[in-house]
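Report on the following structure.
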Amino acid sequence: MSNSGFTFRRVREEMIEKLLDLGIKDFRVLDAISQVPRHIFVDEALRSRAYENRSLTIGYQQTISQPYIVARMTELLISHTNTRGKVFEKVLEIGSGCGYQSAVLSFFCEEIDAIERIKPLVYKSRENLSNLKIHNVKFKHGDGYTDWSNKIQYDGILCAAAPRSYPDDLINILKNEAKLVIPVGGTSQVLKVISKKGKEVQEKTFDDVTFVPMLAGISNDGTDL
Ligand code: SAH
């Protein structure tokens with residue numbers, strides 16, 4: 001193990017304890033989070049704070065999500081499964097940022113299609129996951145409102161940016177019994193889980209949250225924000 005890995009081990013354990021205190025119950029999720037070194041996703045200057053339960057800047061006016069939120073969204077996405085390991089074949093992630101959430105999700109999916117609208121973040125996330133030898137995430141520069149194939153049916157969709165209301169189109173690319181986990185709202189937002197049950201669509205509301213807005217279109221350098 002590298003020196004920095006050794007130095008961060010204790011704070012990583014403390015972060016897991018904090019997530020347990022905050023109510024994360026699924027040990028599969030806690031186990032995945034404990035295996036992903038969050039410090040490699042942030043700039044050197046922020047590394048000492050990487051295991052605090054807070055979001056941190058990743059440039060381009062974007063942030064790496066708070067560990068609690070990453071854990072909570074993952075827990076909600078997989079809650080109807082009960083085996084260990086890769087419970088899903090294919091998952092769509094929208095707003096993959098620096099790839100931290102993707103790295104955690106990669107433990108549960110054979111394959112992830114990840115879409116991010118800011119190009120340099122796509123490069124950053126590819127590099128981060130390659131450094132961690134995680135090879136089952138395909139990062140694409142695109143707009144999560146439109147840039148996925150409607151020929152694929154997903155076992156789950158996790159969106160890390162907040163639209164005003166959830167896009168109906170995303171429900172059409174969900175398999176039966178699968179879920180969309182997504183923050184919705186403007187200045188006040190909530191985390192929603194939309195489940196597809198045959199022709200029915202079930203909607204449940206969870207935590208109050210704060211995400212960046214889900215913006216239409218792509219950006220080559222983040223300067224359109
Ligand atoms: N979970 C990520 C951080 C998410 S921040 C991580 O672990 O790093 C939300 C991300 O959503 C930002 O990077 C933002 O650029 C992106 N985003 C916003 N609107 C989007 C859209 N329409 N399509 C794809 N990505 C989008």
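Both counts, for ligands and for their atoms, begin at 1 and track the order of listing. Because the structure is predicted, anything quoted here is derived from the model rather than measured. Here, residue 1 is the first one in the sequence, and each next residue gets the next number.
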Query raised in the report: Given that the side chain starts at C-beta and the backbone is N, CA, C, O, which of these parts of Val212 lies under 4.0 Å from ligand 1, counting heavy atoms, or is it both or neither?
Result: side chain
Report task. Report yes if Ser65 has an N/O atom closer than 3.5 Å to an N/O atom of ligand 1; otherwise report no. Result -> yes
Query - N or O contact, Thr63 vs ligand 1, cut-off under 3.5 Å - result: no
Requested in this report: State the atoms of ligand 1, each with its element, that fall below the 4.0 Å cut-off from a heavy-atom position in Ile115.
Outcome: 24 (C), 25 (N)
Query raised in the report: Is there any N or O on Gly144 that sits under 3.5 Å from an N or O of ligand 1?
Result: yes
Query raised in the report: When clusters are formed by joining ILVMFWY residues with side-chain heavy atoms under 4.5 Å apart, either directly or through shared neighbours, do Ile171 and Phe88 land in the same one?
Result: no
Query raised in the report: Any Lys/Arg nitrogen of Asp147 or Lys140 sitting under 4.0 Å from an Asp/Glu carboxylate oxygen of the other?
Result: no
Report task. Under 4.0 Å from a heavy atom of Ser96: give me the atoms of ligand 1 that qualify, with their elements. Result -> 2 (C), 6 (C), 8 (O)
Query - Expected output: side-chain Glu116 to main-chain Phe139 donor-acceptor under 3.5 Å - result: no
Query raised in the report: Any sub-3.5 Å donor-acceptor pair from Lys124's side-chain atoms to Ile58's backbone N or O?
Result: yes
**Report entry** Presence of salt bridge, Lys196 and Glu177, under 4.0 angstrom
**Finding:** no
Query raised in the report: Hey, is Ser125 touching ligand 1 through its side chain, its backbone, both or neither, going by heavy atoms under 4.0 Å?
Result: neither
Query raised in the report: What is the nearest protein non-hydrogen atom to atom 21 (C) of ligand 1, stated with its residue, atom name and distance?
Result: Leu215 O, 3.5 Å
Requested in this report: May I ask you to identify, for Asp147, whether its side chain, its backbone, both or neither come under 4.0 Å of ligand 1 on a heavy-atom basis?
Outcome: neither
Report task. Provide the number and element of each atom of ligand 1 under 4.0 Å from a heavy atom of Ile118. Result -> 15 (O)
Requested in this report: Could you tell me whether Lys192 and Glu203 make a salt bridge, using a distance below 4.0 angstrom between a side-chain N and a carboxylate O?
Outcome: yes
Query raised in the report: Does Arg28 count as lying over the ring of Phe107, i.e. NZ or CZ under 6.0 Å from the six-ring centre, within 45 degrees of the axis?
Result: no
Query raised in the report: Does even one non-hydrogen atom of Gly142 get within less than 4.0 Å of ligand 1?
Result: yes
Requested in this report: Answer yes or no: is there an ion pair linking Lys175 with Asp155, defined by an N-O contact shorter than 4.0 Å?
Outcome: yes
Query raised in the report: Is the number of heavy atoms from other residues, nucleotides or ligands under 6.0 Å of Lys86 NZ greater than 12?
Result: yes
**Report entry** Side chain, backbone, both or neither: Gln62 near ligand 1, heavy atoms under 4.0 Å
**Finding:** side chain
Query raised in the report: Can you find a non-hydrogen atom of Ser219 under 4.0 Å from ligand 1?
Result: no
Requested in this report: Show which atoms of ligand 1 fall inside a sub-4.0 Å distance from at least one heavy-atom site of Glu116.
Outcome: 10 (C), 11 (O), 12 (C), 13 (O), 14 (C), 15 (O), 16 (C), 24 (C), 25 (N)
Query raised in the report: Among Val209, Ile182, Leu158, which one satisfies side-chain contact (heavy atoms from CB on, under 4.5 Å) with Met73?
Result: Leu158
Query raised in the report: Which atoms of ligand 1 sit under 4.0 Å from any heavy atom of Gly97?
Result: 8 (O), 13 (O)
Requested in this report: Between Pro213 and ligand 1, find which residue part has any heavy-atom pair under 4.0 Å and reply side chain, backbone, both or neither.
Outcome: backbone
Query raised in the report: N/O of Cys98 under 3.5 Å from N/O of ligand 1, yes or no?
Result: yes
Report summary line: Checking heavy-atom distances from atom 24 (C) of ligand 1 to each of Lys124, Arg117, Glu93, Lys140, the winner is Arg117
Report summary line: Quick note on ligand 1: atoms under 4.0 Å from a heavy atom of Leu121 include exactly 13 (O)
Requested in this report: Would you mind running through ligand 1 and noting each atom that sits below 4.0 Å from a heavy atom of Gln101?
Outcome: 1 (N), 7 (O)
Requested in this report: Return yes if some donor-acceptor pair links the side-chain N/O of Ser149 with the main-chain N/O of Lys151 below 3.5 Å, else return no.
Outcome: yes
Query raised in the report: Relative to the heavy atoms of Ala160, which atoms of ligand 1 are at a distance of less than 4.0 Å?
Result: 1 (N), 4 (C), 9 (C)
Query raised in the report: Is a side-chain N or O of Thr57 found less than 3.5 angstrom from the main chain of Gly59, in a donor-acceptor match?
Result: yes
